[in-house]
There are 2 protein chains.
Amino acid sequence: MKDFVSAQEVAEKAGVSRSAVSRAFTPGASVSAKTRRRVMDAAEALGYHVNHLARGLMTNESGIVCLIVSELGTPFRSSLIRAITQQLQNSGKIAMLINTDRSDGSVDRALRQAIHYRADASIILSGLPDKSITQLCLRNGQRLVLINRDDDQPGPLRINIDDREAASRILTAFMRAGCQQLAFANSEVGTPSLMARERGFVAAAAALGIEVTVERHGSTGYEAGKVVAQRLLTRTKRPDAIFCANDLLACGVMDAARHQFKISVPDQLCIAGFDDIEQASWSSYELTTFAQPVETVAREAVAFLASPALQEDAGEVRSLKLHAELVWRGSIRGG
Amino acid sequence: MKDFVSAQEVAEKAGVSRSAVSRAFTPGASVSAKTRRRVMDAAEALGYHVNHLARGLMTNESGIVCLIVSELGTPFRSSLIRAITQQLQNSGKIAMLINTDRSDGSVDRALRQAIHYRADASIILSGLPDKSITQLCLRNGQRLVLINRDDDQPGPLRINIDDREAASRILTAFMRAGCQQLAFANSEVGTPSLMARERGFVAAAAALGIEVTVERHGSTGYEAGKVVAQRLLTRTKRPDAIFCANDLLACGVMDAARHQFKISVPDQLCIAGFDDIEQASWSSYELTTFAQPVETVAREAVAFLASPALQEDAGEVRSLKLHAELVWRGSIRGG
DNA sequence: TTGTACGCGTTATCAT
DNA sequence: ATGATAACGCGTACAA
């Protein structure tokens with residue numbers, strides 16, 4: 001099996017030195033047009049491609065950014081990954097994808113991989129790394145971005161959605177629709193953002209002297225939504241408004257309500273979700289929900305990676321709180 | 001900003017030679033337990049991690065596998081990516097993710113990136129690379145896997161689903177349900193697998209002397225399904241059976257039929273899809289569809305990468321044709 | 001078993 | 001503008 005072509009071979013074929021080849025491929029280096037031309041021709045003929053691994057060895061910049069994520073098959077996650085990889089490519093970086101599960105140390109192992117491959121940065125979409133690992137990454141000059149994670153360690157950039165504010169806004173919408181029995185559908189996962197939505201909703205209701213029935217089950221998916229709906233809709237005081245921690249839960253809740261309990265949405269029951277996944281706009285759901293500013297999240301994350309390293313910024317706490325836009329559809333009365 | 005820890009530093013701290021450190025991290029190397037212990041302790045204390053980039057420089061194995069894919073936010077694609085990344089990680093490899101679009105040369109650029117990073121292999125889920133690029137990859141010892149692509153170049157492993165056979169199976173199901181007016185819903189994308197389903201369906205029907213109405217529109221998504229349905233269901237001879245090129249189209253078709261045309265599924269109209277995405281099982285759809293053996297695809301792809309390089313295998317044509325399982329739900333009468 | 005010396009492909013530095 | 005040489009961090013043949 002033939003090896004990759006090296007700059008050495010190109011140099012020989014072009015009749016120049018290795019350094020000339022290197023310069024020809026370095027933007028803004030001082031090479032004569034003639035030399036550059038001869039090098040490029042030879043490179044093309046031989047099928048030469050700069051070895052980024054070796055380059056990274058010298059420059060200490062691999063161009064690699066690690067995406068650490070669990071449940072990557074989920075609509076919201078995959079759309080976020082799409083946006084981020086796209087932005088990364090536009091910035092000349094490349095994404096490494098590492099799948100994590102809920103097991104202990106899964107994220108830590110992923111970050112170790114990031115270090116192994118000398119990733120310039122890691123973007124964590126799921127789970128939370130151990131403090132020691134975070135420090136290890138930062139100490140090695142690796143930038144860190146935490147998306148929708150709740151962590152108070154200094155160093156990483158944290159990008160969050162203002163979940164509490166959104167929760168209080170949806171409460172207002174429910175009240176305006178004349179809802180009386182409020183409920184919140186959640187999973188047992190307990191992710192910070194999911195919990196913030198729950199707490200924000202409960203708190204906002206409490207401020208109005210209203211109690212909220214909270215039900216949690218399983219992971220944050222469609223099936224869990226069905227189970228939660230089953231529990232909520234068989235209660236003696238049946239809810240007429242359910243705020244769901246995310247759209248998948250909401251779809252499950254809505255389907256259970258309609259097909260299993262023959263409850264009309266939004267006439268008898270108002271439902272709201274979170275994320276604005278594609279399915280939320282499908283005719284069968286027409287789900288009123290909050291759109292996370294996916295593109296903005298991706299842009300900010302990548303911009304942070306590209307920004308010049310402020311010296312000794314390890315002490316600074318960078319945090320971004322983004323606004324979720326309420327997308328009004330048909331699952332809440334009025335509007 | 002501090003640099004990464006090198007084997008040199010570990011060696012000094014442990015009071016051994018640098019090669020001893022290297023050996024301590026090389027499985028099956030000859031190191032005394034005592035030395036290994038001292039090295040490991042020092043490494044742990046310093047936070048040392050082997051530099052895979054430099055290692056790849058020596059061994060000519062980066063451990064990197066490129067995943068080249070478009071429309072990564074789509075349910076089926078993302079589930080496939082999930083399965084593959086999982087399998088790769090289990091094999092000690094790591095995935096690089098490259099997003100492509102439909103523009104010319106997008107896949108070629110992605111493969112060039114794969115070469116830049118000296119990926120051991122590339123798995124192509126979307127588009128089709130130029131023959132010259134394919135040859136370049138193979139010549140450089142990079143393994144290639146084409147999933148659901150139609151390509152007759154020798155060298156790469158091709159994994160396909162038997163679309164034609166599936167299409168003829170679903171025709172049988174339609175006939176058994178007593179359907180008379182057959183239609184096929186497709187996009188204008190013209191991907192080999194999509195076209196194989198269309199042609200297979202049309203051909204199987206023709207063999208029975210039945211004509212199929214084919215309608216194509218836009219990209220292979222939900223909205224396109226709605227448009228296609230609109231066209232099909234306003235025809236004078238309205239179809240009572242629609243086979244859709246994939247589940248997203250099918251969901252769009254079904255929603256349009258029910259909500260827009262007040263047509264009952266499956267009583268007045270039978271619908272089938274392809275892929276068995278999660279949404280197909282949701283109560284609002286209960287879509288009868290074909291499940292692609294995602295796990296098997298991923299396993300076979302990764303197994304091929306891990307298999308020892310047969311000498312001069314460039315001439316051999318490796319091809320896998322997998323069976324799609326018919327998942328029977330409620331969108332076709334009978335069953 | 002352990003250490004020395006070299007090479008992997010690249011960029012950076014320093015002459016010229 | 002160009003070429004020679006060092007250095008990056010690692011694996012390994014070879015010698016001890």
Side-chain angles (χ1 to χ4, degrees), chain A residues 1-40 42-43 46-64 115-120 140-142, chain B residues 1-40 42-43 46-64 115-120 140-142:
Chain A
M1 190 184 306
K2 196 184 167 307
D3 234 16
F4 285 86
V5 181
S6 77
Q8 174 68 41
E9 305 177 48
V10 176
E12 285 166 8
K13 171 135 189 164
V16 296
S17 72
R18 282 159 282 194
S19 345
V21 177
S22 183
R23 274 190 278 264
F25 283 93
T26 305
S30 80
V31 206
S32 72
K34 194 180 66 183
T35 306
R36 175 185 217 92
R37 180 55 169 268
R38 294 179 57 183
V39 170
M40 287 315 198
L46 266 51
Y48 168 75
H49 287 74
V50 178
N51 186 334
H52 280 27
L53 272 46
R55 165 186 284 177
L57 215 52
M58 274 303 301
T59 62
N60 252 339
E61 289 204 13
S62 61
I64 297 173
I115 297 180
H116 277 309
Y117 281 96
R118 296 304 188 257
D120 296 336
N140 286 345
Q142 197 179 102
Chain B
M1 189 183 306
K2 196 184 167 308
D3 235 16
F4 285 85
V5 181
S6 78
Q8 176 67 44
E9 305 177 47
V10 177
E12 286 166 9
K13 172 135 188 164
V16 297
S17 75
R18 208 196 44 72
S19 42
V21 177
S22 187
R23 275 190 275 261
F25 282 92
T26 305
S30 82
V31 205
S32 72
K34 194 180 66 184
T35 305
R36 175 183 218 93
R37 182 55 171 266
R38 294 178 59 182
V39 169
M40 289 313 198
L46 266 49
Y48 169 75
H49 291 249
V50 179
N51 187 335
H52 280 28
L53 271 47
R55 163 186 286 178
L57 218 49
M58 276 299 303
T59 61
N60 253 339
E61 290 204 11
S62 61
I64 297 173
I115 297 181
H116 277 310
Y117 281 97
R118 297 303 189 259
D120 297 337
N140 286 344
Q142 197 178 104

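Sequence lines set the chain letters: A, B, ... in the order given, protein chains first and strands last, and positions in each chain run from 1. Just so it is clear, the structure is predicted and the values come from calculations on it, not from any experiment.
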Atom CZ of A:R118 and atom P of C:dG9 are separated, to the nearest Å, by 20 Å

Which of C:dT10, D:dC10, C:dG3 is nearest the side chain of B:V16? It is C:dG3

Of the candidates C:dG7, C:dG9, D:dT5, the side chain of B:M58 sits closest to C:dG7

Here the distance between atom P of D:dT5 and atom CD of A:Q8, to the nearest Å, is 13 Å

Among the nucleotides C:dG9, D:dT12, D:dT5, whichever has the atom closest to the side chain of A:R18 is D:dT5

Q.
Is there a side-chain contact between A:Y117 and the phosphate of D:dG9, meaning an N or O under 4.0 Å from OP1 or OP2?
A. no

note: B:D3, atom CG; D:dG9, atom P; distance rounded to Å ~ 6 Å

When you measure only distances, ignoring hydrogens and angles, does the side chain of A:R23 come within 3.5 Å of the base of D:dG3 through a donor and an acceptor? yes

With the side chain defined as heavy atoms from C-beta on, A:S17 is closest, among C:dC8, D:dA4, C:dT10, to D:dA4

Taking C:dT11, C:dT2, D:dG11 as options, the one with an atom nearest any side-chain atom of A:R55 is C:dT11

**Asked** Counting N and O atoms only, with roles assigned by atom type, does the side chain of A:E61 sit under 3.5 Å from a partner on the main chain of A:D120, one being a donor and the other an acceptor?
**Response** no

Scanning both residues in full, the closest heavy-atom pair of A:S62 with B:Y117 reads O-OH, 2.8 Å

The residue, B:T35 or B:N60, whose nearest nucleotide of DNA chain C is more 5′ is B:T35

- Query: Reckon B:S19 has a side-chain N or O less than 4.0 Å from the OP1 or OP2 of D:dT12?
  - Reply: no

- prompt: With no hydrogens and no angle check, is any side-chain donor or acceptor of A:R18 less than 3.5 Å from a backbone partner on A:Q8?
  reply: no

*Have a look at B:V21 and say if it touches a base, only the backbone sugar-phosphate, or nothing, with a 4.0 Å heavy-atom cut-off.*
nothing

Can you check whether B:A14's main-chain N or O pairs, donor with acceptor, with B:R38's side chain at less than 3.5 Å? yes

From CG of B:N51 across to P of C:dG9 the rounded distance in Å is 16 Å

Can you see if the side chain of A:T59 gets near the phosphate of D:dC8 - specifically, an N or O under 4.0 Å from OP1 or OP2? no

Looking only at D:dC10, D:dA1, D:dC8, the nucleotide nearest the A:S30 side chain is D:dA1

Atom CG of A:N140 and atom P of D:dG9 are separated, to the nearest Å, by 12 Å

### Task
Compare all side-chain heavy atoms of A:H52 with those of A:R55 and state whether any distance is below 4.5 angstrom.
yes

Walking DNA chain C from its 5' end, the first of B:A54 and B:A33 to be reached, judged by nearest nucleotide, is B:A33

Taken to the nearest whole Å, NE2/A:H52 to C1'/D:dG9 is 19 Å

Looking across every strand, which nucleic acid part, if any, lies under 4.0 Å from B:F25 by heavy atom: base, sugar-phosphate, or nothing?
nothing

In whole angstroms, the gap separating C1' of C:dT2 from CZ of B:R36 amounts to 15 Å

Does a side-chain N or O of A:S22 approach OP1 or OP2 of C:dT10 to a distance below 4.0 Å, or not?
no

Between CG of A:L57 and C1' of C:dC8 the distance, given in whole Å, is 9 Å

- request: Would you indicate whether the side-chain heavy atoms of B:H116 and A:V50 approach each other to under 4.5 Å?
  value: yes

The nucleotide from D:dA4, C:dC8, C:dT10 with an atom nearest the side chain of A:S6 is C:dT10

